[in-house]
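Taking it in order: structure first as structure tokens, then the write-up.
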2 protein chains.
Amino acid sequence: MSLADRVRHPAFLQRVMSAEEAAALIPTGANVGMSGFTGAGYPKALPQAIAARAKAEHAAGKPYKINVWTGASTAPECDGALAEAHALGQRLPFNTDPIARKAINAGEIDFIDMHLSHVAQHAWFGFLGPLHIAVIEVLGVTADGLLIPAAAVGNNKTWLEIADQVILEVNTKPSAKMEGMHDIYYGTAIPPRRVPINMTHADDRIGQPYLRVDPAKVIAVVETHKGDRDNVFATPDDNSNKIASYIIDFLAHEMKAGRLPKEMLPIQSGVGNVANAVLAGLLHGPFENLLGFTEVLQDGMLDLLRAGKMSKASATAISLSKGAYEDFEKNIDFYRERIILRPQEISNHPELVRRLGIIAMNSMIEADIYGNINSTHLMGTGMMNGIGGSGDFARNGYLSFFVTPSVAKNGSISCIVPMVSHVDHTEHDTQIIVTEQGLADLRGLSPRQRAQVIIDRCAHPDFRPQLQDYFDRARAQGPQHTPHILSEALSWHERFVQTGSMHAA
Amino acid sequence: MSLADRVRHPAFLQRVMSAEEAAALIPTGANVGMSGFTGAGYPKALPQAIAARAKAEHAAGKPYKINVWTGASTAPECDGALAEAHALGQRLPFNTDPIARKAINAGEIDFIDMHLSHVAQHAWFGFLGPLHIAVIEVLGVTADGLLIPAAAVGNNKTWLEIADQVILEVNTKPSAKMEGMHDIYYGTAIPPRRVPINMTHADDRIGQPYLRVDPAKVIAVVETHKGDRDNVFATPDDNSNKIASYIIDFLAHEMKAGRLPKEMLPIQSGVGNVANAVLAGLLHGPFENLLGFTEVLQDGMLDLLRAGKMSKASATAISLSKGAYEDFEKNIDFYRERIILRPQEISNHPELVRRLGIIAMNSMIEADIYGNINSTHLMGTGMMNGIGGSGDFARNGYLSFFVTPSVAKNGSISCIVPMVSHVDHTEHDTQIIVTEQGLADLRGLSPRQRAQVIIDRCAHPDFRPQLQDYFDRARAQGPQHTPHILSEALSWHERFVQTGSMHAA
């Protein structure tokens, strides 16, 4: 399919140029809003052209850096290329690229780690400064000048609205038959003019299938022909399967006890192998007519849709492995009826997450014995990826699970520690912690009660006595609501940094 | 006014008995939902009668404890009396009573420190177990059997709905003319049957003025004749006035810059002297037609209403000093038109806080250089009061301020520390930190940028070099997104515990 088939509005065709020409229109220091969410729908040509320009400018002794705001993570052709060229000044709100991660931790990139539901509104409020240019991947332009969104909606609606100028990357590779799958809600506003979001079911469509743009703002249209990053998912291992089975048993138990409605509630599932294992578990579990209300639709949810266990899935992006993507394109008419892609301010909206009663399942780096969760920082200092949408769902959902294997690095790290080295979700927001050892239900428990349950149910046996010893000695210190020995609270992390193991000498 | 004037429905009059007789109806181990929010609208006779019963049972060698759920804090006649009698097993979600605090920290009371917007729904979902008995202060019963709420609505609607049995305390002391001030919303539901809350302005009335109760559940009606706890507010000191002036200047600046709507947005103000100083500052500030959307209406907001600077105020409780209360009762017809008292699940609802664009102002115990906030724990271990509604507002509001004087205990404690000893609000949720030294605007800043701004603007000069030294040495350690020296991160708190001062030797 040629570019002219995809761009059916003459004003846009007049702006067609090469990625290099378009990159020349982006000055150093610009705030650039890019498409892209979890390795889907990111611009593929522009970032590489910008990176090449940055290298040329730097070689000529000139400064060149841009600030990049996205939906969430992108791919090597985007964050990787830009970071490798030292072309990133500020970056928000999420990153998984290893080259960019290194530059973030080195302090070269100013990384702002934000709740994904906050990004669009904070930009619109003006809190992040002006947005100079939007660089948005689309699948085409209709004869009316409307944009057909790609595999990720992310913050594209907002970038297109608030940017001074717009560059479109029209990707002719993905199936144009994705048209109609998206639901772009144009009812948001800035306070005091906000109104209720009129959604009462996870599969309600409340918007329109297209993104709008003022044609006068479009300064370039660039063609690309390239698929999204392939995501690789490991076959769920024993630990993931155990975690999944605890969660499914728990949900069945809660339903039996009347604490979970018989209709089941919509499911949010974070990114990764444990998440996919839980979804795989649901494939053979007792629940029918499931609904998905999540950020990223991954292989596991596609399987549930195909099997008929899940009736509809709402997300802001589709991020699949190669095999799953082939199935997706081949059966796109089937999936178009069952998948709804929304802006991330809607997919992650606190109002909707609370109203719909989402069951949130997110992975973490570590938990402490009082239920505080670290989702972002290795040993308290090194940024991994960012908080993403975990807080949007965990804080406002009906039930919230945080999951991790109980140990990491061949058993040298305990993922249950006396005190987490960084807090992303507080004790007030954590309900259920699950490792391959078991499940700790923290609802209605005081800190001391929580500590004993987490140690007994979730800690690895190799670390359990060491945790119990800490807790016992902390309690023995005297009256404390949350017993801690301040001089030891972070000593497990210190020990790992010094010796390569959290195990006591 | 006699009890018969206040209780205008015969079925309720048939249940009148003494507090002692009513207390005899509450068995040990019962989960009891009491009214009360920030020292207002709590039951006054029953808790003391329960405490007396507990003492008698204990003297007879028998166990007697109940679990008490409220709106928020109560008063010496309630939490104080119950704690003194060792009659509290579990307590949630908030406490300010010193006797109960001591028992909480001793581990005698299992205290669950919850977001105030979560309490009603978690109880309704069944997450907290069954609610056996509700003990609710009301001002009267209408001829139709509807209940006239008192000075605090709190979780009363939910307790009356889900409790097996109900005991009413009819307080004949407060003016019955408060009738009509309340707005009880009966539109909440359990997912998947939730619908949008149809409120678009802070002063919208969306419910009815009365609480409902099934008369068949009412097992006792007890008369009391006693005012709420007097709240004492110090005259704002220099520090409070400075903090207030920074906030007001900042709001004016933001409005000028177009980052705050010209109409101004509704204001939430936490409890205490700094909060009252900010409200006092608004009395002479440039903003007109203010709206309040807060938990607790205190003296400062009453002043704004009286002066005509604030047109309407929405809260879940009125908690005033003696003088302000006299003014409130004297001018109740004026205030009834301007004050709306709602259930706390509505006053603090994430959906509404975000939609209305609340400006949140809350005090804290300490902040760290990266913007994490400790609102609850002294030196990481000792419970002060609880998180209350601060998270409901800070997380979902349009702007969020956290305020504290820069030092405490005569300068021996720095309220800006390398790492907070407990996290209640994460770096992702904090926007603006204010001390008497200045204001740090953290929006759009990376951790390293935040640290420098907080040290420069908010730290006390006596501690600034020590903080800068920590930050410089942490940065020098190597690549870290959030530079910390783990072995020193909590050393300031340790030093205070050991030496009585955070100052370096």
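Lettering of chains follows the sequences in order, A, B, ..., and the numbering in each one begins at 1.
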Under the side-chain hydrogen bond (donor to acceptor under 3.5 Å, both in side chains) test, residues paired with W69(A) that sit two or more places apart: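 With sequence neighbours excluded, W69(A) shows a side-chain hydrogen bond (donor to acceptor under 3.5 Å, both in side chains) to Q90(A), given in chain and number order.
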Partners meeting side-chain hydrogen bond (donor to acceptor under 3.5 Å, both in side chains) with N105(A) (sequence neighbours left out): none
Winner by heavy-atom pair count (cut-off under 4.5 Å) against chain A, out of E254(B), Q449(B), H493(B):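 Most heavy-atom pairs within the cutoff with chain A belong to Q449(B).
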Option that, when pairs with chain A are counted at under 4.5 Å, heavy atom only, ranks first among I104(B), V420(B), V353(B):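 Option with the top pair count is I104(B).
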Y398(B): partners by ring-ring contact (aromatic ring centres under 6.0 Å, His included), with sequence neighbours left out: F125(A), F127(A)
For [X], is it the side chain, the backbone, both, or neither that has a heavy atom closer than 4.5 Å to a heavy atom of chain A?
X: P261(B); answer: side chain
X: S117(B); answer: both
X: I197(B); answer: backbone
X: N396(B); answer: side chain
X: L356(B); answer: backbone

Residue among [options] with most heavy-atom pairs under 4.5 Å to chain B:
options: V497(A), I358(A), L128(A), L265(A); value: L265(A)
options: Q477(A), H118(A), E108(A); value: H118(A)
options: G382(A), G126(A), P192(A), P93(A); value: P192(A)

Steps toward side-chain contact (heavy atoms from CB on, under 4.5 Å) verdict (L490(B), L490(A)): CA-CA 9 Å; L490(B) 298 173; L490(A) 299 172; 4.1 Å; yes
E351(A) bridged to R355(B) by N-O distance under 4.0 Å: yes
Between [X] and [Y], what is the shortest heavy-atom contact and its length?
X: N372(B); Y: V423(A); answer: OD1-O, 4.4 Å
X: D424(A); Y: T426(B); answer: O-CG2, 3.4 Å
X: E494(A); Y: L486(B); answer: CG-CB, 3.6 Å
X: H484(A); Y: G380(B); answer: CD2-O, 4.2 Å
X: R354(B); Y: P350(A); answer: NH1-CD, 3.6 Å

Gap separating the [atom1] atom of [X] from the [atom2] atom of [Y], nearest 0.5 angstrom:
X: M379(A); Y: Q480(B); atom1: CE; atom2: CD; answer: 12.5 Å
X: I387(A); Y: E427(B); atom1: CD1; atom2: CD; answer: 8.0 Å
X: R194(A); Y: L352(B); atom1: CZ; atom2: CG; answer: 12.0 Å

Contact residues of residues 441-448 of chain B (partner chain A; heavy-atom separation under 4.5 angstrom):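 If one takes a 4.5 Å heavy-atom cut-off, the residues of residues 441-448 of chain B near chain A are R443(B), G444(B), L445(B), S446(B), P447(B), R448(B).
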Side chain, backbone, both or neither of A489(A) within contact of chain B (heavy atoms, under 4.5 Å):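 For A489(A), the contact with chain B is made by the side chain alone.
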Atom group of Q431(A) that falls short of 4.5 Å from chain B, counting heavy atoms: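 For Q431(A), the side chain is the part near chain B, not the backbone.
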Candidate pair T482(A) and H377(B), rule side chain to side chain donor-acceptor pair (under 3.5 Å), full reasoning: CA-CA 8 Å; T482(A) 303; H377(B) 281 68; 2.7 Å; yes
Worked verdict on H481(B) versus L378(A) for side-chain contact (heavy atoms from CB on, under 4.5 Å): CA-CA 10 Å; H481(B) 178 60; L378(A) 298 175; over 6 Å; no
Derivation of the salt bridge (Lys or Arg N to Asp or Glu O under 4.0 Å) call for E263(A) and R193(B): CA-CA 11 Å; E263(A) 304 93 332; R193(B) 268 166 288 278; 2.9 Å; yes
Flag side-chain contact, heavy atom, 4.5 Å: P483(B) against T381(A): no
Plane angle bin for H428(B) and H115(A) - parallel if under 30°, tilted between 30 and 60°, otherwise perpendicular: tilted
